[in-house]
2 protein chains.
Amino acid sequence: MTPNPKSGRKTIQVVIAEDQGMVLGALAALLEMEGDISVVARALDGREALDAVLANKPDVFITDIEMPKMTGLEVAAELKRLRTGTRVVIVTTFARSGYLRRALEAGASGYLLKDRPAEELADAVRRVHKGLRVIDPELATEAWGELDPLTDRERQVLRLAGDGKASGDIAGELGLSEGTVRNYLSEAISKLGAGNRVEAARIARTKGWL
Amino acid sequence: MTPNPKSGRKTIQVVIAEDQGMVLGALAALLEMEGDISVVARALDGREALDAVLANKPDVFITDIEMPKMTGLEVAAELKRLRTGTRVVIVTTFARSGYLRRALEAGASGYLLKDRPAEELADAVRRVHKGLRVIDPELATEAWGELDPLTDRERQVLRLAGDGKASGDIAGELGLSEGTVRNYLSEAISKLGAGNRVEAARIARTKGWL
DNA sequence: CTTTACAAATGACATTTGTCATCCGGGAGT
DNA sequence: ACTCCCGGATGACAAATGTCATTTGTAAAG
């Protein structure tokens with residue numbers, strides 16, 4: 001609990017969230033090697049992460065997107081709403097423009113891919129701590145690529161359809177009529193230029209619209 | 001290039017392969033913290049990995065499964081064929097019994113999940129280096145769980161169907177008649193206890209049968 | 001030379017999907 | 001009050017999908 005009594009005391013405090021324990025530990029190890037950064041807490045899911053950030057008030061919060069309980073984007077949005085001073089850096093596998101947009105809307109200061117060399121993480125933490133924005137170059141360019149044409153309903157319906165559920169089941173799950181579900185699906189299919197529900201779901205997923 | 005002039009000189013030499021640069025670096029950092037382990041090379045894809053192992057003859061080779069060029073399983077199989085003395089540890093996201101089976105057939109000595117706590121990695125390396133086998137507990141139990149009931153045809157057809165292709169397209173792509181495709185699909189669906197092609201594909205995928 | 005076995009195809013049928021035009025019941029405007 | 005719009009629901013119809021029983025080659029086993 002006592003703050004790392006290292007050089008000068010002015011280390012950057014960070015909290016990390018990542019659902020794969022091994023990766024979480026490894027990233028933490030990576031950051032701990034840097035003299036000017038201390039990992040004050042780790043979390044294996046979104047809810048835990050949110051609590052950890054609120055409890056520790058770190059300078060920077062590093063988080064994955066796809067996690068149990070709450071996604072990294074949801075946590076970021078919540079932190080923005082609560083006006084904590086903590087800066088958020090998203091670290092994810094997915095180069096999806098939809099994710100980046102949502103991340104920025106949720107007030108994230110950084111968005112970088114797990115593809116990048118490891119050194120960039122510590123760099124990003126420092127830059128973001130200074131108040132700068134760090135966006136992965138690959139995304140930065142085409143970032144503002146076409147925006148999500150789907151309505152909320154279409155999204156929900158498409159999500160379930162993509163898992164192989166039948167129209168009737170989906171209807172039951174969402175409290176709609178089967179016909180209505182088919183209508184939404186039909187709309188989504190045409191908006192995405194797909195040939196059927198499955199392809200539509202696939203397309204939406206790769207764009208990060210889910 | 002000079003071997004780490006640490007305590008005693010008898011460190012375990014390892015090569016790591018993982019396609020996500022950030023994770024690769026982090027895992028390396030994690031292992032480097034252990035006094036008795038040295039990371040002598042890193043690789044970002046399968047081919048690179050194979051070369052690195054052949055060039056360095058490490059004690060242990062740690063690898064992800066899903067990588068560009070060559071999968072970790074393929075590299076493992078090749079190393080077995082070449083009778084190098086290097087022990088292989090698979091580290092992956094997927095708890096699929098199909099993968100585990102293939103890993104063991106390819107002569108891997110370890111199979112662990114990225115879900116597990118980070119400490120287990122170094123442990124696994126040490127155990128494997130001693131000649132022991134390390135299988136993730138979650139998989140170890142049901143490991144020999146039900147073997148793939150699908151025929152090759154069913155697999156092919158299911159793969160395409162899972163991407164949203166229609167029966168007709170699949171037929172064209174495989175040089176079969178549409179009716180036949182539907183028959184295979186129907187068979188696969190019943191074998192897997194699914195309700196339709198999409199669910200069947202999903203189930204097969206999670207079992208590692210693809 | 002049979003028998004058996006299996007991959008592939010056919011045909012027929014019920015069900016599910018995808019499409020479209022239309023209808024209903026509230027708001028929100030003006 | 002009276003439109004106009006929008007989420008949702010209906011109904012109808014064509015197309016795609018899932019199921020089965022049956023048939024045809026063909027290759028291995030006897």
Side-chain angles (χ1 to χ4, degrees), chain A residues 74 77 98 101-102 105 146-210, chain B residues 98 101-102 105 146-210:
Chain A
E74 288 168 340
R101 178 183 354 274
R102 279 198 268 161
E105 280 167 7
E146 40 177 355
L147 32 118
D148 187 347
L150 301 174
T151 69
D152 286 339
R153 279 307 197 189
E154 287 161 2
R155 223 187 316 285
Q156 300 177 48
V157 164
L158 208 45
R159 231 191 303 263
L160 299 181
D163 288 346
K165 308 215 174 153
S167 309
D169 300 343
I170 300 177
E173 208 154 327
L174 299 180
L176 295 179
S177 92
E178 175 174 338
T180 304
V181 168
R182 299 223 302 274
N183 286 337
Y184 284 131
L185 246 8
S186 184
E187 250 314 287
I189 291 170
S190 93
K191 279 183 181 175
L192 299 176
N196 58 52
R197 50 178 75 193
V198 186
E199 198 185 343
R202 207 170 46 69
I203 294 177
R205 249 189 276 268
T206 65
K207 301 267 195 179
W209 301 331
L210 217 153
Chain B
R101 181 185 349 276
R102 279 197 267 161
E105 280 166 8
E146 35 173 1
L147 31 119
D148 188 346
L150 301 175
T151 69
D152 286 340
R153 280 306 198 190
E154 285 160 4
R155 223 187 315 285
Q156 299 176 49
V157 163
L158 208 46
R159 231 190 302 263
L160 299 182
D163 288 345
K165 309 216 174 148
S167 308
D169 298 343
I170 300 177
E173 207 153 329
L174 298 181
L176 296 178
S177 93
E178 175 174 337
T180 304
V181 169
R182 300 223 301 275
N183 286 337
Y184 284 131
L185 245 9
S186 185
E187 250 312 289
I189 291 171
S190 93
K191 279 182 181 175
L192 299 175
N196 58 52
R197 49 179 76 194
V198 186
E199 198 186 344
R202 206 170 47 67
I203 293 176
R205 249 188 275 268
T206 65
K207 301 268 194 178
W209 300 332
L210 215 151

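All figures in this text were calculated on a predicted structure; none of them were measured in a lab. Letters go in sequence order (proteins before strands), and every chain restarts at 1.
When the side-chain nitrogen and oxygen atoms of B/Ser167 are compared with OP1 and OP2 of D/dA16, none of them lie within a distance under 4.0 Å. Phosphate contact (OP1/OP2 of D/dT19, side-chain N/O of B/Ser186, threshold under 4.0 Å): present.
Of the residues A/Val157, A/Asn196, A/Leu160, the one that meets the side chain to side chain contact (heavy atoms under 4.5 Å, CB included) test with A/Leu185 is A/Val157.
In this structure, the CZ atom of A/Arg155 is 16 Å from the C1' atom of D/dG7, given to the nearest Å. Atoms CD (A/Glu199) and C1' (D/dA16) sit 14 Å apart, rounded to a whole Å. For the pair B/Glu187 CD and C/dA7 C1', the computed distance is 12 Å after rounding to whole Å. Nucleotide C/dT19 holds its P atom 14 Å from the NZ atom of A/Lys191, rounded to whole Å. Rounded to whole Å, atom P of C/dG11 lies 13 Å from atom CD of B/Glu178. Taking atom NZ on B/Lys165 and atom P on D/dA16, their separation rounds to 17 Å, with Å as the unit. Here C/dT17 presents its C1' atom at 14 Å from CG of A/Leu158, a figure rounded to the nearest Å. What separates CG of B/Leu160 from C1' of D/dT17 is a distance of 16 Å, to the nearest Å.
Pairing each heavy atom of B/Pro149 with each of B/Lys191, the nearest pair is O-NZ, 3.0 Å. Here the closest heavy-atom approach between residue A/Ala204 and residue A/Leu158 is recorded as CB-CD2, 4.0 Å.
Closest to the A/Arg182 side chain, of the nucleotides D/dT17, C/dT17, C/dA9, is C/dT17. Between C/dT17, C/dA12, C/dA7, one nucleotide has an atom nearer to the side chain of B/Tyr184 than all others, and that is C/dA7. Listed candidates were C/dT17, D/dT19, C/dT19. Nearest to the side chain of A/Arg197 is C/dT17. Closest to the A/Asn183 side chain, of the nucleotides D/dG7, D/dT10, D/dC20, is D/dT10. Taking only side-chain atoms of A/Leu176, from C-beta outward, the nucleotide of C/dA7, D/dA9, D/dG7 with the closest atom is D/dA9. The side chain of B/Ala166 approaches D/dT17 more closely than any other nucleotide in the set C/dT19, D/dG8, D/dT17.
Ion pairing between A/Arg153 and A/Glu187 fails under the 4.0 Å rule for side-chain N and carboxylate O.
Here B/Thr180 lies in heavy-atom contact (under 4.0 Å) with a base.
In this structure, the side chain of A/Glu154 does not engage the main chain of A/Leu150 through any donor-acceptor pair within 3.5 Å.
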